[in-house]
Amino acid sequence: MAGTGIIGLGHYVPEKIVTNEELEQRLQMSADVIFERCGIRQRHVAAAEEATSDLAIQAARRALSDAGIDAGELDLIIVATSTSDRLSPGSAVSVQAGLGATKAAAFDLLAACSGFVYAVVMGCQLIKTGLYKKVLVIGAETVSKFVDWQDANTSILFGDGAGAAVLGEVPDGYGLLGADLGTDGTEAEVLQIPAGGSRLPASAETVAQGLHYTAMDGQRVFIFALRTLGASVKRSLQAAGMGVEDIDVLVPHQANLRIIESAVQRLQFSMEKTFVNLERYGNTAAASIPIALSEMKEQGTLQQGQNLVLVGFGAGLTWGSCVLKWY
């Protein structure tokens, strides 16, 4: 039986860059202090007229080109995002129309920063069942539109971008080998956008109170990430019949350098074998892992036979990891 895995990658980030130096005066915090707190020096920010689907379409076109297939061959499009173009319908329908993928079903997947891993696992399983042959999964975000730029807790962290992967059949023994997905809904208030949904519909009062911006308890997120990341990686490895020593490259969600370093240390792994591009992009939520993978391919660091582990965590609170043998 054939395996299922990634057969094409692409990413796209907006042209505008906001550096730490540009945030200094607004936040009364030096550029060096910002970097020390999160490991980020700059982040890309979408233009006023750019929506999440616009970024997703650009990344998708590059992934399709890399895979050597046409949009018309796609059976399904999954867009992992927390910042859809609108409340309904999802961004995936705009991506489907923009690509001309007339045969493809399309839907959004909301699992916050874990969303891309969720989408990869789901897409691969749908191919394994025989229901679909080609699935496009995209992590795309315009978090900057949901951030209070006067809030030092969030504005220094987030950036915009999109990463896309085409999933299809690969030789047996390659592709997705193991996965672990999870949620702790009791911690939902730790990281959220409080207003705009059915619990707290948009109103003049919610806008005045800034309830449509991202709200985060950074310390609790940090504790959750350390508790979760290593354990999830080990469960995925166990499902694949592997151990930590078998990992060639760890690709974590690019949230905060302190979180990544602490999690890697707890896992008793090596930062030298952990891919980090956080410094140049910031936390792009569901887009961070596919952007990282796409950059790795561009740089020639992805090699056939490597064991990759993808791991993310985010609002929900959610987590997800998977093991891929690269083909």
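Computed from heavy atoms alone, side chains included, the values below leave out hydrogens, waters and symmetry copies. In this text, all values refer to a predicted model and were calculated from it rather than measured experimentally.
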Go through the steps for D108 and S84 under the test side chain to side chain donor-acceptor pair (under 3.5 Å), then give the verdict. CA-CA 8 Å; D108 283 12; S84 188; 3.1 Å; yes
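- With contacts defined as side-chain heavy-atom distances shorter than 4.5 Å, the pair L136/L99 qualifies.
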Could you check S53 against D85 for side chain to side chain donor-acceptor pair (under 3.5 Å), going step by step and ending with a plain yes or no? CA-CA 7 Å; S53 65; D85 295 20; 2.6 Å; yes
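- When only modelled atom types and interatomic distance are considered, R227 and S232 share no side-chain donor-acceptor pair under 3.5 Å.
- Inter-residue side-chain proximity for W319 and V311 is flagged as unmet; no heavy-atom pair is nearer than 4.5 Å.
- Ring orientation note: the planes of Y174 and Y327 are nearly perpendicular, at an angle over 60° on the 30°/60° scale.
- Panel note: side chain T228, backbone A225; no donor-acceptor pair is recorded below 3.5 Å.
- Contact check on E279 versus R41 returns a salt bridge, with a Lys/Arg side-chain nitrogen under 4.0 Å from an Asp/Glu carboxylate oxygen.
- Side-chain atoms of K134 do not come within 3.5 Å of backbone N or O of I127 as any donor-acceptor pair.
- Residues D184 and T186 bring a donor and an acceptor atom of their side chains to less than 3.5 Å of each other.
- Separation of atoms CG (L317) and CZ (F224) is listed at 4.5 Å; rounding is to 0.5 Å.
- By the criterion of side-chain heavy atoms lying less than 4.5 angstrom apart, applied directly or through intervening Ile, Leu, Val, Met, Phe, Trp or Tyr residues, L293 is not grouped with V13; the two fall into different hydrophobic clusters.
- Using a cutoff of 4.0 Å between basic side-chain nitrogens and carboxylate oxygens, E169 and K133 are not scored as salt-bridged.
- Side chain of E50 to main chain of A47: a donor-acceptor pair is present (N/O by atom type, distance under 3.5 Å, no hydrogens or angles).
- Under a 3.5 Å cut-off, the side chain of D151 and the backbone N or O of D148 do not form any donor-acceptor pair.
- Residues I259 and V276 share a single hydrophobic cluster, defined by chaining ILVMFWY side chains whose heavy atoms lie under 4.5 Å apart.
- Atoms OG1 and NE2, on T142 and H44 in that order, are 15.0 Å from each other to the nearest 0.5 Å.
- In this structure, I57 CD1 and Y12 OH are separated by 11.0 Å, a value rounded to the nearest 0.5 Å.
- Within the 4.5 Å cutoff, side-chain heavy atoms of L200 are placed close to those of T206.
- Under the 4.5 Å side-chain heavy-atom criterion for grouping Ile, Leu, Val, Met, Phe, Trp and Tyr, M122 is connected to L310 within one hydrophobic cluster.
- There is a side-chain donor-acceptor pair under 3.5 Å between D160 and S144.
- In this model, no donor atom of one side chain and acceptor atom of the other lie less than 3.5 Å apart for T214 and T154.
- Counting heavy atoms from C-beta on, the side chains of K325 and Q306 never come closer than 4.5 Å.
- D248 has no carboxylate O lying under 4.0 Å from a charged side-chain N of K273, or vice versa, which leaves the two without a salt bridge.
- Pairing each heavy atom of F116 with each of A286, the nearest pair is CB-O, 3.5 Å.
- Between R43 and L23, the closest side-chain pair of non-hydrogen atoms falls below 4.5 Å.
- No donor-acceptor pair closer than 3.5 Å links the side chain of S288 to the backbone N or O of N283.
- Counting heavy-atom neighbours within 6.0 Å of L131 CG, excluding the residue itself, gives a total above 12.
- Using modelled atom types, one side-chain atom of Q254 and one backbone atom of N277 make a donor-acceptor pair closer than 3.5 Å.
- Linking ILVMFWY side-chain heavy atoms closer than 4.5 Å, directly or via other members, places L157 and I17 in two distinct hydrophobic clusters.
- Inter-residue side-chain proximity for Y213 and F146 is flagged as unmet; no heavy-atom pair is nearer than 4.5 Å.
- In Q268, the CD atom is not crowded: 12 or fewer heavy atoms of neighbouring residues, nucleotides or ligands sit closer than 6.0 Å.
- Of all non-hydrogen atoms in V143 and A285, the two that sit nearest each other are CG2-CB, 4.2 Å.
- Judged purely by distance below 3.5 Å, without hydrogens or angles, the side chains of S91 and T52 never pair a donor atom with an acceptor atom.
- Of the inter-residue distances, the one linking D54 atom CG with S94 atom OG reads 8.5 Å to the nearest 0.5 angstrom.
- Across I40, V33, L27, a single residue satisfies side-chain contact (heavy atoms from CB on, under 4.5 Å) together with I156, and that is L27.
- Linking ILVMFWY residues whenever their side-chain heavy atoms come closer than 4.5 Å, directly or via other members, places L76 and I6 in the same cluster.
- Formation of a donor-acceptor pair under 3.5 Å by the R220 side chain with backbone atoms of I223 is not found in this model.
- The nearest pair of heavy atoms linking S82 to L110 is OG-CD1, 3.4 Å.
- Applying the 6.0 Å contact sphere to CE of M296 captures more than 12 heavy atoms from other residues, nucleotides or ligands.
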Please step through side chain to side chain contact (heavy atoms under 4.5 Å, CB included) for the pair L237 and I247, ending with a clear verdict. CA-CA 9 Å; L237 288 167; I247 303 173; 3.8 Å; yes
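- Counting only N and O atoms by type, the side chains of Q299 and T301 include no donor and acceptor under 3.5 Å apart.
- In the displayed structure, Q25 atom CD is contacted under 6.0 Å by at most 12 heavy atoms of other residues, nucleotides or ligands.
- Closest approach of C322 and L176 over heavy atoms only: CB-CD1, 3.7 Å.
- No donor-acceptor pair closer than 3.5 Å links the side chain of D70 to the backbone N or O of E73.
- Atom CG of L250 is separated from atom CD1 of I260 by 9.0 Å, given to the nearest 0.5 angstrom.
- Remark: E298 CD is packed, more than 12 non-hydrogen atoms of other residues, nucleotides or ligands lying under 6.0 Å away.
- Between A140 and A56 the shortest heavy-atom distance is CB-CB, 3.8 Å.
- The shortest side-chain heavy-atom distance between D66 and V166 does not fall under the 4.5 Å cut-off.
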Quick one, N307 with W326, criterion side chain to side chain donor-acceptor pair (under 3.5 Å). Give me CA distance, side-chain angles, the key distance, then yes/no. CA-CA 6 Å; N307 295 321; W326 193 255; over 6 Å; no
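- Side-chain N or O atoms of T183 include none that pairs as donor or acceptor with a backbone N or O of G185 at under 3.5 Å.
- Considering SG of C38 and CZ of R258, their distance stands at 9.5 Å, rounded to 0.5 Å.
- Taking the side chain as every heavy atom from C-beta outward, I78 and I138 never approach each other to under 4.5 Å.
- Side-chain atoms of Q265 and S262 include no donor-acceptor pair closer than 3.5 Å.
- The shortest non-hydrogen separation linking S236 to S321 is OG-OG, 2.6 Å.
- Checked options L191, L226, T318, V221; the residue passing with F313 is V221 (criterion: side-chain contact (heavy atoms from CB on, under 4.5 Å)).
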Show the numbers, then the answer: is there a side chain to side chain donor-acceptor pair (under 3.5 Å) between E141 and T284? CA-CA 6 Å; E141 305 280 9; T284 55; over 6 Å; no
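- Using modelled atom types, no side-chain atom of H11 and backbone atom of S294 make a donor-acceptor pair closer than 3.5 Å.
- Between E295 and R280 there is a salt bridge, since at least one side-chain N of the basic residue sits less than 4.0 Å from a carboxylate O of the acidic one.
- Counted within 6.0 Å of NZ on K16, heavy atoms from surrounding residues, nucleotides or ligands total 12 or fewer; the atom is thus considered open.
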